[in-house]
Each structure stands twice: as structure tokens, then as C-alpha cells.
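Keep in mind the model is a prediction, meaning the values are calculated, not measured.
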Amino acid sequence: MRKSRFYVGITGAVLLSATVLTGVSTTTANAAGRWCTGVKIVGFPGGPAGGAFAINVYNGMVQAAKDLGPRMKYYWSNWDPNLATTQLTQAIAQKPDAIVGIIGQIGDASADPLIAKAWAQGTIIENANDGLAIADAKYNAQGEGYVGATNYTAGQSLGNEVIKRDALVKGDEVFVWGLKGAAGDRAKRTIGILDALTAAGMKIDYQEIDQATNTSASAGTPTFVGEMSAHPGIKAVIIDHGGVTSAAQTFLKAAGLAPGKVYVAGFDMSPATATAIEGGWVSLVIDQQEWLQGYIPVLNACLTKKFGFSGLNVNTSAGFVDKSNIKMIAPLANLDIR
């Protein structure tokens with residue numbers, strides 16, 4: 001089993017920290033790039049610690065802290081909204097200067113009152129990965145940004161791309177493994193996939209990703225094997241979860257399926273997903289560039305704390321990865337950057 005890297009340095013990585021200093025006083029700029037020194041930030045990479053996707057978010061946060069100078073503390077929530085809600089409550093009680101990362105996974109109903117409390121006490125919130133329709137808009141002028149995909153659009157785009165690339169026709173059977181029952185914005189990505197397939201007349205076999213698989217992808221092996229055994233006519237599989245996508249090769253082998261036997265698509269790059277694409281086990285993923293979902297929220301928090309900037313809204317999920325471009329992406333995936 002590959003040992004996850006919990007930090008990777010990048011020479012000359014992000015130049016934004018230099019550009020924002022243009023025009024500020026010599027006193028402000030004399031920190032030699034670490035102009036956010038002294039600011040206390042709590043980071044939420046998602047979880048589990050060292051897991052696919054979350055490790056990239058974490059590495060982005062660590063690199064931002066190295067470049068900019070804030071003091072960081074991290075919470076790993078295992079993609080468990082209940083645990084994340086408890087951790088967010090604890091983090092707010094510590095009254096840091098900012099809390100950044102994957103806060104939206106707990107949904108608007110749970111997050112909004114906590115975010116209101118945070119802003120009321122002067123704690124900056126920067127959200128990533130899962131949008132919060134009310135809070136992200138309400139506090140944007142004060143500094144709250146969103147870094148990540150437009151989830152419904154991303155799901156719909158992946159569904160349509162699978163239909164086109166796998167030459168699916170009306171009535172073809174597709175297995176969708178997703179999080180339609182998740183809180184808030186997170187569910188919209190799965191719904192986008194399902195809407196695209198429904199509009200094209202596909203036969204959909206849907207399974208909700210349970211919490212055990214959400215936390216540890218290997219726990220989903222029996223579910224996958226059972227689904228493929230019960231529905232031998234499945235022509236495509238769409239996995240709406242980065243960590244679960246990273247285990248696709250393991251699932252397919254357990255089900256006795258050769259590379260290319262079914263068209264497999266999913267989300268997010270990881271070393272395992274890169275290997276699976278190279279070997280023909282996975283055909284297509286949307287690359288959310290999750291490293292940016294770690295770096296930019298830290299940068300935004302520092303910009304807001306130091307200079308009063310409003311929230312940055314950045315769509316990180318515009319590109320697809322397949323065999324045509326994996327050669328360039330794979331080395332970066334192996335460093336937990338892409």
C-alpha cells in the first residue's frame with residue numbers, strides 16, 4: 001500500500017502572494033513573502049487523514065502556510081457530516097482568525113448558524129468543494145469565498161461526456177454510485193449525473209455510497225461486486241466520489257472484469273486513479289484540482305484578514321483527464337498535487 005505524502009513543496013509554486021503586495025507599505029511587505037505571519041487558521045481538508053482527495057487539499061493548505069506564514073491547525077472529518085459539524089463547533093469556540101476548507105459538506109441547515117456565529121465573533125470563513133447557497137452569498141462581501149466546482153453542472157457534464165465517449169444509446173444500462181442523499185450542495189453533483197442520463201433515456205441502476213465506503217473506499221467492494229453480478233448488462237459505471245473512484249481498479253478486479261470491459265468514469269485525480277487510467281481500468285475523470293481547494297482558501301483568509309478583501313469564487317473543476325493527457329498529469333498526481 002502506498003504511503004501518502006502529507007506535504008509536498010513546490011519551487012516557485014504560486015505567485016499570487018507576491019502580486020497582492022504591490023502598492024502596500026514597506027512595513028507590510030517586509031516579511032519576505034510571509035505577510036500573513038501571526039494569523040491563526042483552522043483547516044478542514046475533509047478526510048480521512050491522508051486519503052485520496054483530502055491529502056491534496058491538505059497539501060495545498062500546507063503550501064499556502066509555508067508561502068504566506070499563518071499558523072495552521074487541521075481537523076480531519078472522514079467525510080462524515082456529523083463529525084464535521086462537531087469539529088466546526090469546536091473550531092469556532094477556539095476563536096481563530098479564520099476557518100477554511102470543506103465546510104459545505106455539512107449542508108446549509110447545519111452550517112449557516114455556525115457560520116453566522118463565526119463571523120459575529122470576527123472569525124473569517126472560507127468554503128471549498130461544496131457550496132453553501134445562503135452563507136457563501138451573505139458573507140461574500142465580508143470575505144467568504146468558494147473554491148470548487150459548480151456541483152450540479154459538474155455532474156451533468158460528466159454524465160453527458162460518458163454518453164458521448166462511450167457511444168451510449170437509449171436503453172443502455174448505467175450503474176451510478178453516488179451521494180444523492182448527502183446534505184445540501186453535495187447531493188447536486190449526483191443529481192446532475194442522473195439528470196443527464198435520464199434525459200438521454202439511459203436505464204439507471206443507482207446505489208447510494210454508504211458512510212463506511214465514504215470513509216474507506218475498500219469497504220465498498222462487496223457492493224460493487226454485487227451490483228455488477230446482478231446486472232451483467234451494465235455498459236458504464238459512474239462513481240461520484242474521488243476516494244471511491246481511486247479504488248475502481250480494485251473493484252473491477254474483485255468483480256472479475258478486465259480493463260475496458262465496462263466504461264468507468266468518476267471524479268478527481270490520485271496516484272491510484274492515474275494508474276487505473278494508464279492501465280485502462282478507468283476511462284475518464286473530472287479533475288477538481290483539489291490542491292487549489294486547499295491553497296486558495298488560505299490565501300483568501302489572509303487577504304481578508306490583512307487587507308479587507310472580499311471572497312474569491314473560483315471554479316476548479318473545468319477539465320477532464322483520460323489516456324490522452326494522463327502522461328502529463330500522472331507525475332503530479334503521484335506527488336498529491338493533482
Side-chain angles (χ1 to χ4, degrees), residues 53 79 104-105 107 129-131 133 146 148-210 213-214 217 220 223-224 227-228 230-248 251-252 257 260-269 273 276-277 280-290 293 315-326:
F53 189 98
W79 303 125
Q105 68 167 306
N129 192 249
D130 301 311
Y146 173 67
T150 302
N151 277 330
Y152 180 84
T153 301
Q156 191 177 44
S157 296
L158 183 61
N160 286 328
E161 200 71 17
V162 170
I163 293 167
K164 180 175 71 175
R165 295 195 185 203
D166 197 31
L168 298 178
V169 297
K170 185 176 181 180
D172 281 345
E173 194 168 4
V174 181
F175 172 33
V176 178
W177 205 4
L179 289 167
K180 186 173 63 172
D185 186 57
R186 179 59 185 89
K188 293 179 182 178
R189 199 167 75 183
T190 298
I191 294 169
I193 294 169
L194 295 171
D195 284 355
L197 297 175
T198 299
M202 300 298 113
K203 179 182 177 182
I204 301 170
D205 299 318
Y206 179 76
Q207 288 281 349
E208 186 79 3
I209 296 172
D210 61 23
T213 306
N214 200 11
T223 299
F224 185 89
E227 181 68 24
M228 300 306 291
H231 301 275
I234 287 173
K235 293 191 175 181
V237 175
I238 303 178
I239 303 172
D240 185 13
H241 190 296
V244 181
T245 299
S246 73
F251 298 146
L252 290 161
L257 297 171
K261 178 65 175 178
V262 295
Y263 191 97
V264 178
F267 281 84
D268 311 324
M269 288 306 304
T273 300
I277 293 172
W281 299 93
V282 172
S283 298
L284 182 70
V285 298
I286 284 186
D287 179 14
Q288 286 197 91
Q289 303 179 106
E290 51 268 27
Q293 295 182 18
N315 181 3
T316 65
S317 185
F320 292 102
V321 179
D322 58 15
K323 269 200 169 183
S324 71
N325 56 4
I326 190 60

Review item, side-chain donor-acceptor pairs of residues 188-199, under 3.5 Å, at least two apart:
residue : atom : partner : partner atom : Å
R189    : NE   : D240    : OD1          : 2.5
R189    : NH2  : D240    : OD1          : 2.7
T190    : OG1  : L179    : N            : 2.9
T190    : OG1  : D240    : OD2          : 2.4
D195    : OD2  : Y152    : OH           : 2.7
T198    : OG1  : L194    : O            : 2.8

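N160 places a side-chain N or O within donor-acceptor distance of the main-chain N or O of Q156, the cut-off being under 3.5 Å. Between the Q207 side chain and the T223 main chain, no donor and acceptor come within less than 3.5 Å of each other. No donor-acceptor distance shorter than 3.5 angstrom exists from the side chain of H231 to the backbone of G233, with no hydrogens or angles considered. For the pair Q288 (side chain) and G148 (backbone), a donor-acceptor distance under 3.5 Å is absent.
With sequence neighbours excluded, no residue forms a side-chain hydrogen bond (donor to acceptor under 3.5 Å, both in side chains) with N315. Under the salt bridge (charged side-chain N to carboxylate O under 4.0 Å, His left out) criterion, K235 pairs with D172, not counting sequence neighbours. Partners of A236 under the side chain to side chain contact (heavy atoms under 4.5 Å, CB included) rule, at least two apart in sequence or in another chain, are V162, D166, L168, V174, Y263. Residues satisfying the side-chain hydrogen bond (donor to acceptor under 3.5 Å, both in side chains) criterion with T273, sequence neighbours excluded, are S270. In this structure, W281 has no ring pair (Phe, Tyr, Trp, His ring centres under 6.0 Å) partners at least two apart in sequence or on a different chain. D205 pairs by the salt bridge (charged side-chain N to carboxylate O under 4.0 Å, His left out) definition with nothing, not counting sequence neighbours. With sequence neighbours excluded, the residues forming a ring pair (Phe, Tyr, Trp, His ring centres under 6.0 Å) with F251 are W177, F224, listed by chain and number. Taking the side-chain hydrogen bond (donor to acceptor under 3.5 Å, both in side chains) definition, one finds that E290 meets it with nothing, sequence neighbours left out. Listed by chain and number, the residues in a side-chain hydrogen bond (donor to acceptor under 3.5 Å, both in side chains) with D185 are N151 (sequence neighbours excluded).
Going from atom NZ of K203 over to atom CD of E173 covers 4.5 Å, rounded to the nearest 0.5 Å.
A149 approaches A154 most closely through the heavy-atom pair CB-CB, 4.2 Å. Summarising the geometry of V285 relative to M269, their closest heavy-atom pair is CG2-SD, 3.5 Å, with the distance given to 0.1 Å. Closest approach of A265 to L158, counting heavy atoms only: CB-CD1, 4.1 Å. Annotation for I286 and S317: closest pair CG2-OG, 2.9 Å, computed over non-hydrogen atoms.
Residues in residues 148-161 take part in these salt bridge (Lys or Arg N to Asp or Glu O under 4.0 Å) pairs, two or more places apart or across chains: E161-K164, E161-R165.
For the residue pair Q293/T316, the side-chain donor-acceptor check at 3.5 Å is satisfied.
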